[in-house]
Number of protein chains: 2
Amino acid sequence: MPKLADHGERRAQIAEALLRIAGSKGLHAVTMRSVAAEAGFAVAVVQYYFESKEKLLFFGLQHLARRMGERVWAHVGPTGQAASPLRVVDAVLTQALPQDEESRVFHLVYTAYAVLSVTDSALATQPFMDGPNEMQAFLTDQLHKARDGGEIAARLDPEAEAAGLLAMSAGLGTSVLLGQRTADEALGVLRYHLERIAPGRFQWSP
Amino acid sequence: MPKLADHGERRAQIAEALLRIAGSKGLHAVTMRSVAAEAGFAVAVVQYYFESKEKLLFFGLQHLARRMGERVWAHVGPTGQAASPLRVVDAVLTQALPQDEESRVFHLVYTAYAVLSVTDSALATQPFMDGPNEMQAFLTDQLHKARDGGEIAARLDPEAEAAGLLAMSAGLGTSVLLGQRTADEALGVLRYHLERIAPGRFQWSP
DNA sequence: GCTTTGATAGTACACTCGTACTACCAAAGA
DNA sequence: TCTTTGGTAGTACGAGTGTACTATCAAAGC
């Protein structure tokens, strides 16, 4: 057997190249040739590790979702499980905003994929529901804990609050992407609404 | 001079065909050929009224924005200018949700255009900021009036509330598009948050 | 040392795209 | 009536696409 190549790593390399192109030139600029060139391989190599473009696109989406999940978790984890549920909620929602370039690319490509999935049956819409659903369940749980701990008012509905905040965060993220407002302005709006839920309890962060 | 054709109407016809395709098959399925076929014309006719695909796409976006504006206004107008500002706010935000097929197509195509505009300089991002900015200013104004009229608490910030509600509405709309929740569920979340702003004042509508 | 085989490279083919070009048709003005 | 001209149709071309195909290379096993 010749020089064994780590298939997983190769596929990851190619997926990264795909995301770089999709993030800079748009998802429509993702072609076998452009991805191969960006990754520094020949077209046939991309074909070798992904038998078709459809498979490549699908893997690219999975790769993106995985990286987004890791990133959010990396920011939430350190906050600690034992920490105040409100801090966790704040960390998650803040991280959901496109504040740096990497996050901006995530948002853009993810949205592009989402739009594509509506009309292209090849890209199952399942990944676009699992992630958000999981996230909403997580936030709902945190808000339940916050309510039980008396951090937020008892009249608040954790489920509806979580769903609303998540949707707001997504909407704000899109507006940042389109240049309607800056990330800081979006953060300000988000913080205002968090403050409305738990007055005086969101002033630890700068 | 031969059989005069109303250029405005022809362009509108073609734009409608474009939107039908973009709404059903996706914006990437919009080609000179597909649009011409959908409109029942030859390709050269589309070329005749739009000198290039770029111009066609741009006009399609303008046409969409115009129709969306008309639709929202048609629902807000009857509510009356003299009516309660909260009713106007409710009407606008409700209408911003994709509840019927036409609205669903609006959301989808608009989002597709928005995503495209981020990476394609040909599609100016201006239209995606003017509309939302105008809408936010309008809602902010209504909330100011509501606050002055004592319909909402004085501690609320009209600007931040308007921005948040609009972002939430957009985010909820996207989630409906992706099938994460139904339009009714999204409406429920939205109504919950309106109710939070002005308790007991959003129970007129079914 | 030779063969096998996983990995990479180059190329060709069928297809679709946007666009340019020419031809045709029919109504209005001379 | 004949010519001009706005509108419509058909077609051809170059560029770019996904994919199949073959060739080449290099390391592992005999």
Side-chain angles (χ1 to χ4, degrees), chain A residues 1-22 24-61 112-113 116-117 119-123, chain B residues 1-22 24-61 63 109 112-113 116-117 119-123:
Chain A
M1 290 180 182
K3 45 171 170 174
L4 82 162
D6 188 334
H7 276 228
E9 191 182 320
R10 278 277 181 280
R11 287 164 68 92
Q13 281 179 24
I14 295 173
E16 291 287 332
L18 184 156
L19 294 182
R20 279 196 297 274
I21 293 174
S24 58
K25 306 269 191 301
L27 199 54
H28 63 276
V30 170
T31 68
M32 292 287 165
R33 285 167 175 82
S34 67
V35 171
E38 174 71 26
F41 293 120
V43 183
V45 175
V46 179
Q47 284 184 275
Y48 183 73
Y49 290 101
F50 302 92
E51 40 187 288
S52 69
K53 186 189 179 181
E54 193 175 291
K55 300 272 182 68
L56 170 62
L57 277 175
F58 191 75
F59 183 84
L61 171 59
Y113 263 112
L116 197 60
S117 77
T119 49
D120 278 28
S121 55
L123 252 58
Chain B
M1 288 180 184
K3 44 172 167 173
L4 81 163
D6 187 334
H7 276 228
E9 191 182 321
R10 278 277 181 281
R11 288 165 66 92
Q13 282 178 24
I14 296 173
E16 292 286 332
L18 185 154
L19 295 182
R20 278 196 298 276
I21 293 175
S24 58
K25 305 269 192 300
L27 198 54
H28 64 275
V30 170
T31 69
M32 292 286 167
R33 285 168 174 83
S34 67
V35 171
E38 174 70 27
F41 293 120
V43 183
V45 176
V46 180
Q47 284 185 274
Y48 182 74
Y49 290 101
F50 303 92
E51 39 187 286
S52 68
K53 187 190 179 182
E54 193 175 291
K55 300 272 182 67
L56 171 63
L57 277 175
F58 191 74
F59 184 84
L61 172 60
H63 190 75
V109 180
Y113 263 113
L116 198 59
S117 77
T119 49
D120 278 28
S121 55
L123 252 57

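Per chain, numbering begins at 1; letters A, B, ... match sequence-line order.
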Using atom names, set out every protein N or O paired with an N or O of nucleotides 13-20 of chain D below 3.5 Å, distance rounded to 0.1 Å.
residue: D:dG18; atom: OP1; partner: A:K53; partner atom: NZ; Å: 2.9
residue: D:dG18; atom: OP2; partner: A:M32; partner atom: N; Å: 3.0
residue: D:dG18; atom: N7; partner: A:R33; partner atom: NH1; Å: 2.9
residue: D:dG18; atom: O6; partner: A:R33; partner atom: NH2; Å: 3.1
residue: D:dT19; atom: OP2; partner: A:K53; partner atom: N; Å: 2.8
residue: D:dA20; atom: N7; partner: A:Q47; partner atom: NE2; Å: 3.1
residue: D:dA20; atom: N6; partner: A:Q47; partner atom: OE1; Å: 3.2

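Shown here for A:G8 and A:D6, the closest heavy-atom pair between the two residues is N-OD1, 3.0 Å. Taking each heavy atom of A:Y113 and A:L27 in turn, the nearest pair found is N-CD2, 3.9 Å.
Among residues at least two apart or in separate chains, salt bridge (Lys or Arg N to Asp or Glu O under 4.0 Å) pairs with a member in residues 33-42 of chain B are B:R20-B:E38.
Recorded end-axis angle for the helix from C:dG1-D:dC30 to C:dA30-D:dT1 stands at 20°, based on five pairs per end and rounded to 10 degrees.
Under the 3.5 Å distance criterion, the side-chain polar atoms of A:D120 are left unmatched by any main-chain donor or acceptor of A:A122. Panel note: side chain B:K53, backbone B:V30; a donor-acceptor pair is recorded below 3.5 Å.
For A:Y48 and C:dA9, the shortest distance from a side-chain N or O to OP1 or OP2 is not below 4.0 Å. Here B:H7 reaches the OP1 or OP2 of D:dG7: one of its side-chain N or O atoms lies under 4.0 Å away.
Partners of B:S117 under the side chain to side chain contact (heavy atoms under 4.5 Å, CB included) rule, at least two apart in sequence or in another chain, are A:L178, B:L123, B:T125, B:F128. Checked against salt bridge (Lys or Arg N to Asp or Glu O under 4.0 Å), A:K55 has the following partners two or more places apart in sequence or in another chain: A:E51. Residues satisfying the ring-ring contact (aromatic ring centres under 6.0 Å, His included) test with B:Y49, not counting sequence neighbours, are B:H7.
A:F50 comes within contact range of no nucleotide atom at all, as no heavy-atom separation falls under 4.0 Å.
One can place NE2 of B:H28 at 14 Å from P of C:dT16, the figure rounded to the nearest angstrom.
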